[in-house]
Structures are given as structure tokens and as C-alpha cells.
Amino acid sequence: MKEDKILTLAGNPNVGKSTVFNYLTGMKQHTGNWAGKTVTNSKGYFNYNNQHYTIIDIPGTYSLTSQSKDEEVARDFICFEDVYKIIMVCDATALERNLSLVLQTIEVRKNVILCINLLDEAKKKRINVNIEKLSEMLGIDVVGISARKKQGIDKLLEKIDNNKENRVYSIKYNEHIENSINILQESLRYINTKKLDKKWICIKLLENNKKIIKNIEKYINFNILEDKNILNSIEQAKKYLKDNNINIIDSITKGIYDNCEKIVKETVVYKDKDYYKQNINIDKWITSKSIGIPIMILLLGLIFWITIVGANYPSNLLSNFLFSLEDDLKSMLEYLGISSFIISMLVDGVYKVVAWVISVMLPPMAIFFPLFTILEDLGYLPRIAFNMDKVFKKCNACGKQALTMCMGFGCNACAITGCRIIDSPRERLIAIITNNFVPCNGRFPTLISIISMFFLGGVLGFYSSFLSALFLICVILLGVCMTLIVSNILSKTILKGIPTNFTLELPPYRRPEILKTIVRSIFDRTIFVLGRAVIVSIPAGFIIWLVANITIADKTILLYITDFLDPIASIMGLDGVILLAFILGFPANEIVFPIIIMGYIGAGSLVDIDSIYELKELLLSNGWTINTAICMLIFCLFHWPCSTTCLTIKKETKSIKWTLISFFIPTVIGALMCILITFIFNIL
């Protein structure tokens, strides 16, 4: 609304911005994309003292010198959007590092409230922050809070409408930088810079940051670099710095951190100077060269084992419940006078496909996503990127790709969106193209079923689930190896380049709020991904039913297609039914195996088989061998992305070319590997 006061929530990553945002807005929030960009924003609303506020949670950033799209959005919003107040959230346990962004922000804009979060953790580590002294030094309102415990938020709200004029802290640079700023400020004296601080503009002119200068010119509606007086001042200032052998960027950066150090010395007391030793000791093992990656694999295996064991029973219950409604749905539609043809299409086609997707996807996702989110909240995921960085650098890729791979275990489409965290466009494309080598949640049921039937030799009970998880880990490691190989090939061919360095913060380990994590991950991730899968499976249900029920010369279209595909599929160690199932499963990987069963039985709709033994007998009676099972595993791991992932790739890359490349690379690799395996089996 026009009368809304707009607030910005800013700060470094991992400082608790989202917790503050969620507390203030509750359910009155939504997520979207910034206009013209693929960077996500969160916008929410709340009322306080009869005033309506809109609050925008901008991406976390360490500096106003942007590197990634997210950081560019954060910088531009802080610098050039006319908001009522900027709420800077900092971590009380890492104040010196966080203050860098605070000082850069108040150098640009003066309407800042500093919110020191995680005071409860600081207290545990015997860190005392003098809030009053800090406010006095910075000349802005400072509030101490513990957002997770809902402490201090009321004090923050009270400060929002405090418009008391204070003398805001100004960064003190070395003598030579200050003198050069004075030279430039003289030439800007008569220019209306609106709410931008002239000293900050001078610093950007000295840094020669052309992108920011262009944005400044647009904001103040004045072409700075076309003014002769200003250009002369820039040359004079730079000559002065050069004569005194001053590196501009280094001196400005050092000036910021020297000021941070000075402020912290006067406002923060560390009663236990070794408070961080515990984290360091843990990280000595978690990020070590020798056992860092084995620990990562063990944790991943544990998550898969819990998911496999935990999902079986609820998946069966859900499947039985949904399929038990079939007859009731048919009776209701018959009562409404709908023809039997339409009823069969709706129930045997659409409903059964949707029921399969829900019963297969929901239980494992409801377990996997919360477990994954707990690792995220615990602070472990950045350690995975740290461990994998050297491996990816050898492939001329980026260590952050490891994080997007982890996201792919839940959903490849979500992981493609997550590739935004990679700064380099070249490395981002490599991560997008190779992400499908990591099996998503929709492929797990197929992989686990084949492993259980053909590779466990009748092992039952606890050992069966344990060995399934172990075998699944081996399959996934094959996908990871292929990711590294293809990333290396791409970086030496169509996406040549040198790997970039990136700043990666290893946040302190925190005790996750398990109940909140479960609720958040179910609503934010599980329901979101499931909803998208259901949407794409509805038209798939129509198509599957039609090809299985329309008969030409006593033969269904399904059989005509499988007979046509048989020669191609046999070269790959598969058959026409399997290949058609993958094609029809393009909207959702979850329905591949049900279509295979339907094709073998010859039923006109998806069918449910009561036990894994019945399923194995059905497959064996239709010519499956150990060669077929291995090729099925390989092709399930390496084939085209699902429709949702393809649409996400198109949206993120804005290119049909890269979408097609992402489609064909895993498909060609999967087909070639299957052909090679079949050739080896034929020789033996």
C-alpha cells in the first residue's frame, strides 16, 4: 500500500536474518524473483503501532563490492532504493567480521538500525557486547536480540520509528586516501547526490568501479564521468596516490577492517579467548584431507538408510489408502452421469498416476528434506563445499557446485535454482549441465527396487536396508565421478576458463531447532516439490492411459511403440517397454517403474504389485537378466532431466541451447555406458 513504510533486512549469510524476518511477518510473506533477475527475494508484511510495514529480506552479502548476482542485488537495494530504514543483522559471536558490511552501509546511507543477533550464543561463549557503547560510537540505534528465543524483537520494533538525528560514524582511512577523497569532494560540492553520501561516491570513483558508478549516475540523474571538473579531480587524486605509492583497493579495504578492529576493541569483551577452539577441533576432523570426505559419505549413507527404512511403511499405507478410494471415485462419477470412457481416463489414467507419484514421493521426501535441512542448520553443508573445492578446482569448476549437488538429491529442479550461489557464469553453467548426474528423490524408488531384487541375494530385515543404502551410495558415487569427469571436459572445451576463488564462511556449529526444521522443510520443500510433480503427472496420466487403451487392429498403441523401440533398446541391454517407460516418465521420474509393470502385464492402467518377489518374477518372466538390471540402474542414473528440471534450466539459462545440451549430455553418456556393458556381457 502507498502508506506502507518499507524496511530492508540486510547482513552477512548465517546471521539469522531469516529468523528475524519470519518472526516479524509470520505467514504474511511471499517469495518471488527480482525484476529482470533470477535472484530470489522474500517480502513480508506486519503492523506495529497502527503503522503498516513492508519488509524485504535481501540476499546475504559480505561486502557492497558485489561478485555474484545475489550480492549485486543486495548492494543495489542498499545503495539505490529509497527505503524507510535498513535493519542490519549481525552475529554477536563474529561482530568484527560482520561490522565490515555495517560500516560500508552507513557510509552510503544513514537510516540504519544495527541488530546484534545471537546474544544467547555469545553468552555461552562468554562474549559480552556493550550495546550502548556501540550505539554511541556508530551514531545509530543498536539493539541486542536472540531471534530464535524471541528475545529483544520488541526493542527492535521500538527503534524503527526513532528518527533522532545523530552524528553517524565515518570510516577513517589513511592520510593519503583521506586527502584524495577531499580533492574529489570539492568537485562534487554543487551536485545533488540525493540520499547518497558524497564521501562514498568519491571512494567508488577512486576504485573505478564502473558498474556502481553507472548506477550512481542513473540514481542521481547526472553523468559524473562527463563532467570535466570531476574528471580532472579524479586524475589529480589518482596521480597523488600513485606518487605516494598507494594501492587504492588495498588501502580502502584495510581502512575498513582497521576501523572494525578498533570498534570491537572498545565494545566487545572476550572473557574466554579460546571460545572458538571447540569448532576448530571439530573442523580439524570434519575438513581434514584424510577423513573429511569419508565422513561426508558416511553421513550421506546414514541419511539414505534412514530414508529407505523410514519411508517403506508410510509409503505402503499411503498407497493402500489412495488406491482404496478408486472404486468410490468411480461410483461418484457414475452417479454424476459421466461416461465410462471418461471415468476410466480420469480414474485409471490421471488419478492412478497422481496416486503413484504421491505415495512414492511424499514419505521419502518428508524424511530426506528435514534431515538435509538439519545438516544445513547445523552448519555442515559449507564444510562439504570446503572438502570438495580442491576436487572441483582440478576440474576447473567451483567448490560451491558440491552444495548444488547435495540439493539435487532432493530435487534436480531445486538444485538448478540453487546454482545461483555460484558467482562465475561459466562455472554456474557447468553446475547446471552436470546436476542431473545426481539422482533425485524421484529416481530413488526405482534404484532401490532394482538393488533389492537383483543384488542383495535374498537378504532380509535390517541387513537388507543397510546393504541397499550401501549399494545406493556406490551408485551415487558413480554419478559424482561422472559429474567431475564431465565438468572437466566442459571446462576444457565449450566452457573453457580458469576456476575462480570464492569466499566461503564456515559458520559456527549450532544446535538445530528440530521441530521448526521439520515443519519448515515439509512446507517449503516437500510440499512445493510434490505439488510440482503432481501438476506435471496429470497430463502424463492422460497420455499413458490413451496409448495403453486405444487399439488398432487388436493391438494397443503402447504395444506398437514398444515393438518399434525394441531393436534400439536391445542394443542398450534394455527392451522397448523399459525405454518407452523412460520416455513417458519425462514429466516425473516416479512413474517410470509403474509404467514398466503396466507394459509387461498388458493392463490398460497402472497396477500395484503386493510384494517385491512378485515384481521380480514378473521381470524375470519378461526376459530380465543381471545385464538388464545393471543397464536399468545405469540408464536410471544417466538419462535426460525430467520436464520440471528442463523448464527450470531454460528459465535459469534463458537459452534453448544450454537446455538441449543439459538434456543430451547425460542421455548420450547413459546410452553409451549401457551399450558398453551389454557388449561386455555378450563377449562373456
Side-chain angles (χ1 to χ4, degrees), residues 297 300-301 304-305 307-308 311 360 364 405 408-409 412 434-459 464-483 485-486 565 568-586 588-597 599-600 612 615-616 618-620 622-642 665-682 684:
I297 292 170
L300 191 61
F304 286 137
W305 178 74
T307 303
I308 290 167
V360 169
M405 284 170 57
F409 291 128
N412 291 125
T434 59
N435 191 268
N436 197 58
F437 291 127
V438 173
C440 68
N441 192 75
R443 285 182 270 177
F444 284 155
T446 301
L447 294 172
I448 293 166
S449 297
I450 295 169
I451 289 168
S452 301
M453 285 185 288
F454 289 91
F455 300 101
L456 297 186
V459 178
S464 175
S465 60
F466 176 77
L467 290 174
S468 291
L470 188 62
F471 207 104
L472 184 59
I473 284 290
C474 294
V475 172
I476 287 165
L477 288 176
L478 176 62
V480 172
C481 290
M482 189 58 69
T483 300
I485 292 167
V486 175
L565 292 174
I568 303 167
S570 62
I571 299 171
M572 298 164 55
L574 307 174
D575 60 32
V577 172
I578 298 171
L579 193 54
L580 178 61
F582 276 107
I583 294 168
L584 293 177
F586 176 61
N589 286 301
E590 297 76 17
I591 58 177
V592 169
F593 221 49
I595 296 171
I596 291 173
I597 298 167
Y600 287 148
I612 200 164
L615 180 56
K616 185 177 180 181
L618 174 67
L619 299 179
L620 291 172
N622 280 275
W624 275 53
T625 63
I626 193 70
N627 178 22
T628 314
I630 293 172
C631 290
M632 179 69 183
L633 274 179
I634 293 297
F635 202 67
C636 185
L637 186 64
F638 305 126
H639 73 283
W640 50 80
C642 71
I665 284 179
T667 306
V668 170
I669 288 172
L672 290 176
M673 287 184 72
C674 288
I675 291 168
L676 179 62
I677 290 165
T678 304
F679 177 74
I680 292 169
F681 266 92
N682 289 337
L684 297 175

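Nothing here was measured: the structure is a model prediction, and the numbers come from that model. Numbers for residues simply follow the sequence, beginning at 1.
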Quiz item: For Leu637 and Gly479, which heavy atoms make the closest approach, and how far apart are they?
Solution: CD2-N, 3.9 Å
Self-check item: Partners meeting side-chain contact (heavy atoms from CB on, under 4.5 Å) with Leu620 (sequence neighbours left out)
Solution: Phe454, Lys616, Glu617
Practice problem: Please determine which of Phe635, Phe582, Phe586 meets the side-chain contact (heavy atoms from CB on, under 4.5 Å) test together with Val592. | Solution: Phe582
Quiz item: Do Asn412 and Pro641 come close enough that some side-chain heavy atom pair is under 4.5 Å?
Solution: no
Exercise. For the residue pair Val475 and Pro439, establish whether any side-chain heavy-atom pair is separated by less than 4.5 Å.
Key: no
Quiz item: Considering only heavy atoms from C-beta outward, does the side chain of Phe437 approach that of Ile665 to under 4.5 Å?
Solution: yes
Quiz item: Could you state the interatomic distance from CG (Leu618) to CD1 (Ile596), rounded to the nearest 0.5 Å?
Solution: 10.0 Å
Quiz item: Under a 4.5 Å cut-off applied to non-hydrogen side-chain atoms, are Thr678 and Cys631 in contact?
Solution: yes
Exercise. Could you grab the distance from atom CD1 of Ile450 to atom CG of Leu472, nearest 0.5 Å is fine?
Key: 11.5 Å
Practice problem: Please report the shortest heavy-atom distance between Val438 and Met405, naming the atom on each side. | Solution: CG1-O, 3.5 Å
Quiz item: Any side-chain heavy-atom pair from Ile473 and Leu477 closer than 4.5 angstrom?
Solution: yes
Exercise. Please name all residues satisfying side-chain contact (heavy atoms from CB on, under 4.5 Å) with Ile634, sequence neighbours left out, ordered by chain then number.
Key: Leu478, Ile630, Phe638, Met673, Cys674, Ile677
Practice problem: With the side chain counted from C-beta on, respond yes when Asp575 and Trp624 share a heavy-atom pair under 4.5 Å apart, and no when they do not. | Solution: yes
Quiz item: Going by heavy atoms in the side chains, are Leu447 and Leu633 under 4.5 Å from each other?
Solution: yes
Exercise. Go through the steps for Ile583 and Leu565 under the test side-chain contact (heavy atoms from CB on, under 4.5 Å), then give the verdict.
Key: CA-CA 11 Å; Ile583 294 168; Leu565 292 174; 4.0 Å; yes
Quiz item: So, Thr434 side chain and Thr483 main chain: donor-acceptor pair closer than 3.5 Å or not?
Solution: no
Quiz prompt | Closest approach of Asn435 to Gly408 (non-hydrogen atoms, all atoms of both residues) | solution = OD1-CA, 4.1 Å
Self-check item: Heavy-atom check, side chain of Ile578 versus side chain of Met572, under 4.5 Å
Solution: no
Quiz item: Closest heavy-atom contact between Met632 and Leu574?
Solution: N-CD2, 3.8 Å
